[in-house]
Amino acid sequence: KGGFSNKPATPAVINYIGWDTLQQQISSAATDPIIKKSPYFSQFENLLKILQNPGANEQNKYNSLLQAHAQLVSLYIFTDSTTKVRSLLDALSVFAKNNFPKEYQQNDFNYPCESSTCSDDPPTQAFLNILSEIKNSDFPAIVKNNISKYLLTNSYLNKSGSLTKVRRSE
């Protein structure tokens, strides 16, 4: 009577639109060992735990989603696993839009295009010539690789995420 139960606490039931889809995207991303071992991914998963707290208010939950998004953007920028992380970023945005319509703003979930797969246009020939000059330069290999990756990554543009990058002049 009045004592502690030996039963483990029952986890909160998650009744969010698209929760199962988001969990599938998380599981898919976690199959990549680089993603799974990343501290950004661990922090992302921890930030989602507030959704299981029935006492947390909607604004705090939304703010946690924003912080989780920031962790994914960092993961996206610092790994080569861009397709899986980009899918997860998109799923998180849809999840936030469907479950937090009062708080949701599309700009909160923008992210830069870090891959040719999300670019609307291929790099111009002039740009490729510059990359070729860098590749054939006398710079140390690590410097050439870093400069080339930085320039190439920043050349990827897509019109749907144009708020996060500079537009090409027409």
Side-chain angles (χ1 to χ4, degrees), residues 11-54 56-124 127-128 131 145-168:
V13 176
I14 306 293
N15 289 321
Y16 289 110
I17 300 166
W19 177 252
D20 291 337
T21 302
L22 182 61
Q23 289 300 305
Q24 289 170 355
Q25 290 289 334
I26 293 168
S27 295
S28 174
T31 62
D32 183 319
I34 293 171
I35 293 173
K36 183 68 177 166
K37 292 177 184 176
S38 168
Y40 298 117
F41 189 71
S42 297
Q43 188 63 24
F44 163 77
E45 289 183 307
N46 285 334
L47 287 162
L48 293 183
K49 290 179 181 176
I50 192 173
L51 298 173
Q52 299 174 1
N53 181 349
N57 68 41
E58 297 299 295
Q59 188 62 54
N60 287 344
K61 290 179 180 182
Y62 185 76
N63 288 341
S64 189
L65 288 178
L66 292 177
Q67 292 172 26
H69 173 264
Q71 294 299 315
L72 284 182
V73 169
S74 295
L75 178 63
Y76 177 66
I77 290 170
F78 294 113
T79 68
D80 291 327
S81 306
T82 56
T83 303
K84 286 184 178 183
V85 179
R86 198 171 63 246
S87 295
L88 188 51
L89 281 161
D90 292 339
L92 185 66
S93 179
V94 169
F95 178 82
K97 182 178 183 178
N98 289 337
N99 292 286
F100 300 91
K102 291 180 197 170
E103 295 87 356
Y104 181 81
Q105 293 182 25
Q106 175 62 43
N107 292 342
D108 289 344
F109 291 89
N110 282 344
Y111 58 92
C113 178
E114 293 283 322
S115 162
S116 62
T117 60
C118 63
S119 181
D120 289 335
D121 300 313
T124 64
F127 183 80
L128 293 174
L131 286 178
N145 289 339
N146 287 343
I147 291 172
S148 296
K149 183 177 180 181
Y150 176 79
L151 290 173
L152 190 58
T153 298
N154 285 293
S155 75
Y156 299 135
L157 298 174
N158 69 18
K159 293 173 182 80
S160 64
S162 62
L163 292 174
T164 61
K165 45 188 127 356
V166 177
R167 285 187 168 271
R168 290 183 193 166

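Small disclaimer: the values here were computed from a predicted structure and weren't measured.
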[X] to [Y] - nearest heavy-atom pair and separation:
X   : Y   : value
K84 : S28 : NZ-O, 3.5 Å
A68 : L47 : N-CD1, 3.5 Å
I50 : A56 : CG1-CB, 3.6 Å
I35 : F41 : O-CB, 3.2 Å
V73 : L89 : CG2-CD2, 3.9 Å
K36 : A30 : CB-O, 3.5 Å

[atom1]-[atom2] distance between [X] and [Y], expressed to the nearest 0.5 angstrom:
X    : Y    : atom1 : atom2 : value
Q23  : L48  : CD    : CG    : 7.5 Å
K97  : Q106 : NZ    : CD    : 7.0 Å
L88  : S93  : CG    : OG    : 11.5 Å
D108 : F100 : CG    : CZ    : 12.5 Å
I77  : Y40  : CD1   : OH    : 9.0 Å
R86  : D90  : CZ    : CG    : 7.5 Å

task: Determine whether the side chains of D20 and Q24 contain a donor N or O and an acceptor N or O closer than 3.5 Å.
output: no

Looking at [Y], is its backbone amide N or carbonyl O close enough to the side chain of [X] to form a donor-acceptor pair, meaning the two atoms are under 3.5 Å apart?
X   : Y   : value
S74 : A70 : yes
S64 : N60 : no
S38 : I34 : no

task: Take F44 and L92, measure what side-chain contact (heavy atoms from CB on, under 4.5 Å) needs, and give me the verdict at the end.
output: CA-CA 11 Å; F44 163 77; L92 185 66; 4.1 Å; yes

- request: Given side chain to side chain donor-acceptor pair (under 3.5 Å), test Q67 with N63 step by step and report yes or no.
  value: CA-CA 6 Å; Q67 292 172 26; N63 288 341; over 6 Å; no

query: Does H69 reach the side chain of L72, with side-chain heavy atoms less than 4.5 Å apart?
result: no

query: Does the side chain of L51 reach to within under 4.5 Å of the side chain of F95, using non-hydrogen atoms?
result: yes

field: Whether over 12 other heavy atoms sit under 6.0 Å from Q105 CD
entry: no

